[in-house]
Amino acid sequence: MRTTTGWQSTDGSTALQRVPIERRELRDDDIAVRVDYCGVCHSDLHRIHGAFGGGGTPVTGHEFTGTVTATGPAVNSFALGDRVAVGTIVDSCGDCAMCQAGQENYCYQGATSTYGGTDRIDGTPTQGGYSREYVLREKFAYRLPDGLDPAAAAPLMCAGITMWEPLRAAGAGPGRRVAVAGLGGLGHLGVKLAAALGAEVTVLSRTPDKADDARALGATDLLVSTDAGQLERARGRFDLILDTISAPHDLSPLLGLLALDGTLSVVGFPIGEIPLRIMDLTYGRKNLSSSGTGGRRGTAEMLAFCAEHGITADIELLPSAKAGEALDRLDRGDVRYRFVLDLSDLG
Ligand code: NAP
Ligand code: ZN
């Protein structure tokens, strides 16, 4: 076993404790990564609050960049010192229809989550990237493109790919009108990606004072989601809405904003029951959809696109010892637009 250090919620609170973490010795196709930067995702907060069920909280963190420090004998994609990026899954069966389609994230045997999962070979629980070292199969690490800042690129690996896949699936591009509901970690990258794809982008936000930011990110407009008049005037306007809202909310007002055959993709995890009126889909032949992060092919494609267009997250970088403070501020909506932890304070 290799022992490293990380930050963990040991009591369901955001007062994270510094803990030792056991990482496995490298298998033939494993790499060891010194974690340099790890983003703070709202899913980490949901997990710490017990919103996904399951007892206890693993070490969280599933969007990180780092440096290869060791390679197993069968590794051929990476060498010592390479900069890599890792996202929300670290293994899958490789054989099922989903894996064959490049959607390892939907592996029928269950993709191995970066934290809170179970290793397919030795059955040990996975622990996330709020830690100084991670060990994984090389197949699930990605070369970090030159030119992308490694701290600001870390959020691409969850927030970025979670926006990329539904944008691509819906054919977002020139002539298409895309709205992003909730301007947070996911949402701000959704705006940047959709705009770079050539779509006309609008932000739907409960926070009017994000309007200048929305425009700077590439949106043409921000509609205040609590203003019934503004929503009424935007009725039928969008081909695609990416709903990244982290709290329970009524889908009906969002469905009302869709054009004929438009799609509402609910990619936030608004924990709890969400009522749905089928008639809201009927009138306008509308689609309700969702998706979860992305597969290897889409992730590689997204990273190449971000490199080409110079897209990274707008971040606030904090020493990892402030992870708890970052989570508390995220809970209050006090983030513009992603916290990233610098793990170098773990030695
Ligand atoms: P975030 O940075 O906290 O952003 C969420 C945004 O939602 C906030 O900035 C806010 O935007 C809006 N919001 C929050 N509470 C709200 C409320 N009560 N009513 C209306 N709007 C509210 O979170 P994130 O990291 O982007 O994650 C967003 C959600 O996606 C979380 O539920 C997370 O678990 C989920 N997620 C899903 C996947 C996936 O694979 N599907 C991947 C990652 C994360 P405004 O101030 O602009 O309104
Ligand atoms: Zn995430």
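Counting convention: from 1, in listed order, for ligands and their atoms alike.
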Check your understanding: For ligand 1, is there an N or O atom under 3.5 Å from any N or O atom of Phe269?
Key -> yes
Check your understanding: How wide is the angle at the Zn ion (ligand 2) between NE2 in His62 and SG in Cys158, to the nearest 10°?
Key -> 110°
Review point. Where's the contact between Thr162 and ligand 1, heavy-atom distance under 4.0 Å: side chain, backbone, both or neither?
Key: side chain
Check your understanding: Strictly under 4.0 Å, does any heavy atom of His249 approach an atom of ligand 1?
Key -> no
Check your understanding: Does at least one non-hydrogen atom of Cys158 fall below 4.0 angstrom from an atom of ligand 1?
Key -> yes
**Study point:** Heteroatom proximity flag, Leu186 to ligand 1, N/O under 3.5 Å
**Key:** yes
Point to revise | For atom 40 (O) of ligand 1, the protein heavy atom that lies nearest, with its residue and separation | key: Thr293 N, 2.9 Å
Review point. In the protein, what heavy atom is nearest to atom 28 (C) of ligand 1, and what distance, to one decimal place, separates them?
Key: Thr244 O, 3.1 Å
Check your understanding: Looking at ligand 1, does any of its N/O atoms fall within less than 3.5 Å of an N/O of Gly185?
Key -> yes
**Study point:** Pairwise side-chain contact, Cys93 with Tyr108, heavy-atom cut-off 4.5 Å (strictly under)
**Key:** no
**Study point:** Nitrogen or oxygen of Ile245 less than 3.5 angstrom from that of ligand 1
**Key:** no
Review point. Checking only N/O/S atoms, does His42 have one that is under 2.8 Å from the Zn ion (ligand 2)?
Key: no
Review point. Looking only at side chains, do Arg23 and Ser131 share a donor and an acceptor under 3.5 Å apart?
Key: yes
Check your understanding: Between Phe140 and Thr114, is any pair of side-chain heavy atoms under 4.5 Å apart?
Key -> no
Practice item. Would you check whether Ala159 reaches within less than 4.0 Å of ligand 1, judged by its heavy atoms? Key: no
Practice item. Check whether any N or O atom of Ser205, backbone or side chain, sits under 3.5 Å from an N or O atom of ligand 1, and answer yes or no. Key: yes
Review point. Where is the nearest protein heavy atom to atom 4 (O) of ligand 1: which residue, which atom, and how far?
Key: Gly184 CA, 3.4 Å
Point to revise | Point-to-point distance, once rounded to the nearest 0.5 Å, from CZ of Arg168 to CD of Glu301 | key: 4.5 Å
Review point. Which ligand 1 atoms are under 4.0 Å away from a heavy-atom of Leu330?
Key: 2 (O), 3 (O)
Review point. Can a salt bridge be assigned to the pair Arg27 and Asp29 using a cut-off of 4.0 Å between side-chain N and carboxylate O?
Key: no
Check your understanding: Among protein heavy atoms, which lies nearest atom 25 (O) of ligand 1, and at what distance?
Key -> Arg338 NH1, 2.6 Å
Study note, to complete from the structure: A student checking ligand 1 against Thr207 at a 4.0 Å heavy-atom cut-off should list atoms 45 (P), 46 (O)
Exercise for review: Please indicate whether any nitrogen or oxygen in Leu183 is less than 3.5 Å from any nitrogen or oxygen in ligand 1.
Suggested key: yes
Point to revise | Between Thr202 and Asp221, a side-chain donor and acceptor under 3.5 Å | key: no
Practice item. Tell me which protein heavy atom sits closest to atom 17 (C) of ligand 1, plus the residue, atom name and distance to 0.1 Å. Key: Arg206 NH1, 3.5 Å
Point to revise | Selection from Pro208, Gly268, Gly160 by shortest heavy-atom distance to atom 30 (O) of ligand 1 | key: Gly268
**Study point:** Student check: side-chain heavy atoms of Leu16 and Ile48 closer than 4.5 Å
**Key:** yes
Check your understanding: With distance as the sole criterion, is a donor-acceptor pair present between the side chains of Ser252 and Arg277 under 3.5 Å?
Key -> yes
Check your understanding: For atom 36 (N) of ligand 1, which candidate among Ala247, Gly190, Ser43, Pro155 holds the nearest heavy atom?
Key -> Ser43
Exercise for review: Evaluate whether atom NZ of Lys210 has more than 12 neighbouring non-hydrogen atoms of other residues, nucleotides or ligands under 6.0 angstrom away.
Suggested key: yes
Review point. At a 4.0 Å threshold, what atoms of ligand 1 neighbour a non-hydrogen atom of Lys210?
Key: 9 (O), 11 (O), 45 (P), 46 (O), 47 (O)
Check your understanding: Out of Asp44, Thr126, Thr293, which one pairs with His62 under the side-chain contact (heavy atoms from CB on, under 4.5 Å) rule?
Key -> Asp44
Check your understanding: With respect to Gln103, which candidate in Arg296, Glu165, Arg297 satisfies the side chain to side chain donor-acceptor pair (under 3.5 Å) definition?
Key -> Glu165
Check your understanding: Heavy-atom distance under 4.5 Å between the side chains of Tyr106 and Ser92, does that happen here?
Key -> no
Exercise for review: Report yes if some heavy atom in the side chain of Asp30 is under 4.5 Å from a heavy atom in the side chain of Arg137; otherwise report no.
Suggested key: yes
Review point. Does the pair Arg329/Glu316 count as a salt bridge with the N-to-O cut at 4.0 Å?
Key: yes
Check your understanding: Only one of Arg336, Lys192, Arg338 clears side chain to side chain donor-acceptor pair (under 3.5 Å) with Asp314; which?
Key -> Lys192
Practice item. Take every heavy atom of Pro248, measure it against each atom of ligand 1, and state whether any distance is under 4.0 Å. Key: no
Practice item. Measure the distance from atom 37 (C) of ligand 1 to every protein heavy atom, then report the residue, atom name and distance (to 0.1 Å) of the closest one. Key: Val267 O, 2.9 Å
Study note, to complete from the structure: for atom 23 (O) of ligand 1, nearest protein heavy atom and its distance come out as His42 CB, 3.2 Å
